[in-house]
Number of protein chains: 2
Amino acid sequence: MKMDERKQKVLQAIILDYIATAEPVGSRTISRKYNLGVSPATVRNEMADLEELGLIEQPHTSAGRIPSQSGYRYYVDCLMEKEPLDRDIKDMISKAMMVRIRETEALIQVSSKLLSQLTNYTALVLAPALGRNALRHLQILPIDDSKAVVVMVLDNGHVEHKVIDVPGGLNHEDFTAISRVLNERLYGLSVEQWRPTILQTIYHELLYQKKLLNSVIELVENAISLEEENKVYLGGTLNILNQPEFKDIEKVKGLLELLEQEAAIKEVLHPAPEAGITVKIGSENIHQSMKNCSLITATYHLNGRVIGTLGVLGPTRMEYSKAVSILEYITEALSKAITRL
Amino acid sequence: MKMDERKQKVLQAIILDYIATAEPVGSRTISRKYNLGVSPATVRNEMADLEELGLIEQPHTSAGRIPSQSGYRYYVDCLMEKEPLDRDIKDMISKAMMVRIRETEALIQVSSKLLSQLTNYTALVLAPALGRNALRHLQILPIDDSKAVVVMVLDNGHVEHKVIDVPGGLNHEDFTAISRVLNERLYGLSVEQWRPTILQTIYHELLYQKKLLNSVIELVENAISLEEENKVYLGGTLNILNQPEFKDIEKVKGLLELLEQEAAIKEVLHPAPEAGITVKIGSENIHQSMKNCSLITATYHLNGRVIGTLGVLGPTRMEYSKAVSILEYITEALSKAITRL
DNA sequence: TTTAGCACTCGATAGAGGGGAGTGCTAACA
DNA sequence: TGTTAGCACTCCCCTCTATCGAGTGCTAAA
């Protein structure tokens with residue numbers, strides 16, 4: 001059996017109606033609301049075929065049809081038309097990104113918020129892995145006899161600080177010396193590149209002053225462990241509570257718990273392919289508690305390289321078209337904004 | 001009518017049983033499970049009295065009794081006995097606090113996590129207002145022509161950084177000069193005390209170099225706005241989903257939304273009185289969505305001054321005794337740990 | 001004052017019946 | 001050959017009813 005044009009239209013009608021109403025769709029509804037120019041009986045025949053193809057299913061004998069997972073897949077791959085965004089939505093996004101923002105982190109947070117507000121779904125954002133950014137400046141500021149704070153400025157404008165323990169007996173000059181050596185040797189290198197370099201040079205330079213060695217080692221180790229991870233930002237976590245399919249608390253609990261686990265979200269967002277938009281529907285997602293959900297992801301870029309992922313998480317009965325349009329536009333705006341930094 | 005000892009025992013039995021089971025308690029249950037030495041009929045008479053006193057109520061004619069809000073209030077004020085904590089729970093708390101922690105923030109997070117895990121309720125923690133801590137060190141590090149990062153170290157060990165815009169044309173020496181002046185003038189003062197001082201001295205010192213002035217002003221303003229607020233930490237937000245009274249998603253939604261609003265939580269935790277433990281039951285709480293909840297709060301201290309609040313949020317049918325014990329112990333441990341810093 | 005006995009109330013649960021939305025099949029029609 | 005009208009059928013959903021039982025309040029006896 002082949003998917004002729006009318007079957008496609010019927011499938012599309014079923015999906016659009018089900019997305020809008022969350023109720024099984026009957027043949028009468030389709031023939032009336034979506035003017036296909038054929039009678040309900042004809043639609044019924046088509047529906048029987050679509051069911052045989054596995055694209056739609058019946059909750060029970062005397063109910064209408066709902067899209068199956070394969071049905072959504074077919075829709076996303078073949079039928080979905082891009083929804084043009086309203087002027088004012090585009091403006092809102094551009095404006096929010098133009099805000100005088102000084103750090104990547106703030107841009108990411110804005111994106112996450114926008115994405116969840118505009119889609120009414122949950123937004124997941126994987127921030128850039130800082131480990132790849134080159135060091136622009138590193139400074140060690142002593143706090144007291146046993147502590148110091150390391151401040152690292154990366155070339156993407158990101159700043160991190162971390163308090164570390166240092167052995168006693170170091171004076172101001174020692175810290176200045178260490179800072180100087182570290183700056184000289186590490187400038188322009190990304191954190192990922194530190195480990196090999198560090199061992200060769202720092203040891204040499206500072207060997208004359210043995211007591212500094214341990215603190216330097218600890219500093220670097222700390223800094224590395226700090227910077228290697230990329231953070232996750234969420235927006236609109238509670239939006240799923242508005243979906244009728246999640247009215248049962250047991251279904252929503254697992255999902256909310258999953259969203260609290262940063263590691264799980266990273267896992268979900270991380271293996272984003274090089275290509276732009278990806279849609280994972282229902283059980284295409286790894287996690288059990290996402291089997292009634294769909295996740296749309298997109299990657300954002302800096303200088304042509306993928307540096308992070310944006311995602312929209314909603315029910316499988318999701319407004320794919322709208323979500324994809326918004327996600328695409330925000331992703332693009334974010335990429336541009338980051339490039340501007 | 002007076003509360004004789006037997007009425008108290010009956011009330012206590014009703015509350016304890018209802019807390020344990022979440023089901024209305026009948027006279028038969030009380031006379032059998034809690035050995036008062038009287039028959040169900042006698043208990044029924046007492047219950048009629050307790051209902052007249054407004055301490056218990058009937059969901060419907062042929063059901064058992066449940067505690068009213070006043071009933072819980074009476075229990076908390078007069079009947080509740082402190083539950084001694086298990087040795088291993090105490091150990092767990094002490095151990096977690098002993099962990100080699102360098103910042104107040106980390107201690108607060110640990111406390112929040114402990115509190116929610118041990119009680120199975122939601123933990124709310126109001127961190128100390130940093131504005132009151134004296135400055136130990138302030139440094140401005142230039143990033144590029146138009147940006148610099150300000151690093152502030154407070155005397156409680158807390159470190160904050162913030163990226164600021166600076167006018168062009170400043171060189172390294174300028175920054176060093178600004179840092180030096182600021183450090184000299186602001187050392188030992190809390191952020192709260194800055195505003196009056198700043199205007200008098202900084203202006204004088206730096207007036208000779210007009211172009212610096214604007215950047216300094218901005219710096220200070222930024223720093224102040226940054227430090228004045230005290231942050232809120234949550235733990236176990238989803239624990240309420242385990243409570244049978246919140247099986248309905250509509251009831252839980254408002255509460256979760258409330259917990260996402262930092263301002264609301266501050267408001268709830270802030271007006272903590274000087275005294276130690278406070279219990280707010282049901283509609284004693286301001287927020288509509290907390291009318292089925294109770295909130296137990298306690299303050300923690302540094303040098304005898306209140307610096308923050310810990311709170312446990314659960315259903316009105318809460319294990320008050322256990323929650324209070326755990327909260328007290330953690331609060332004390334936190335106060336001690338902060339003092340050690 | 002306490003207790004046993006008893007009628008009564010009312011939620012919870014299960015089953016019966018009607019209504020209705022939607023289907024699949026058949027036969028007629030273009 | 002594809003499309004459509006007609007019709008019987010299925011099965012969810014809602015309501016109504018009956019039954020059950022936990023728990024009560026009242027009364028009278030101990």
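It should be emphasised that the depicted structure is a prediction, and the values quoted were computed from it without experimental measurement. The sequence lines fix the lettering, A, B, ..., with proteins before strands; numbering per chain opens at 1.
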Quiz item: Only one of Thr122(B), Leu124(B), Leu327(B), Thr331(B) clears side chain to side chain contact (heavy atoms under 4.5 Å, CB included) with Leu115(B); which?
Solution: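 The residue from Thr122(B), Leu124(B), Leu327(B), Thr331(B) that satisfies side chain to side chain contact (heavy atoms under 4.5 Å, CB included) with Leu115(B) turns out to be Leu327(B).
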
Practice problem: Calculate, to the nearest 0.5 Å, the distance between atoms CD and CD1 belonging to Gln261(A) and Ile265(A) respectively. | Solution: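 Taking CD in Gln261(A) and CD1 in Ile265(A), the distance rounds to 8.5 Å.
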
Does any part of the side chain of [Y], heavy atoms only, come nearer than 4.5 Å to the side chain of [X], both counted from C-beta?
{"X": "Gln69(B)", "Y": "Glu284(B)", "answer": "yes"}
{"X": "Met47(A)", "Y": "Glu51(A)", "answer": "no"}
{"X": "His287(A)", "Y": "Glu267(A)", "answer": "yes"}
{"X": "Glu328(A)", "Y": "Lys82(A)", "answer": "yes"}
{"X": "Leu259(B)", "Y": "Leu313(B)", "answer": "yes"}

Quiz item: Separation of Asp4(A) atom CG from dT1(D) atom P, in whole Å?
Solution: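 Asp4(A) atom CG is separated from dT1(D) atom P by 17 Å.
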
Quiz item: Starting at CZ of Arg65(B) and ending at P of dA22(D), how long is that distance when rounded to a whole Å?
Solution: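 Distance, rounded to whole Å: 17 Å.
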
Self-check item: Side-chain donor-acceptor contact under 3.5 Å, Tyr121(A) with Gln243(A)
Solution: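 No, Gln243(A) and Tyr121(A) have no side-chain donor paired with an acceptor closer than 3.5 Å.
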
Practice problem: Check the side chains of Ser294(A) and Tyr320(A) for a donor-acceptor pair under 3.5 angstrom, ignoring hydrogens and angles. | Solution: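 Yes.
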
Quiz item: Heavy atom of residues 13-35 of chain A under 4.0 Å from DNA chain D: which residues?
Solution: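 Per residue number, the list is empty: none.
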
Exercise. Would you jot down, in residue-number order, the residues of residues 38-60 of chain A having a non-hydrogen atom under 4.0 Å from DNA chain C?
Key: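 Per residue number, the list reads Arg44(A), Met47(A), Gln58(A).
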
Practice problem: Give a yes or no answer on whether the side chain of Asn285(A) reaches the backbone of Cys293(A) with a donor-acceptor pair at less than 3.5 Å. | Solution: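 A pair under 3.5 Å: yes.
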
Practice problem: Grab the stems for DNA chain C, please: at least three consecutive Watson-Crick or wobble pairs, both distances below 3.5 Å, written as range with range. | Solution: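 So the stems come out as C:1-30 with D:1-30.
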
Quiz item: So, is Thr61(A) close to the dC11(D) phosphate, meaning a side-chain N or O under 4.0 Å from OP1 or OP2?
Solution: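 Yes.
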
Quiz item: For dT1(C), does either OP1 or OP2 sit under 4.0 Å from a side-chain N or O belonging to Arg6(B)?
Solution: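 No.
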
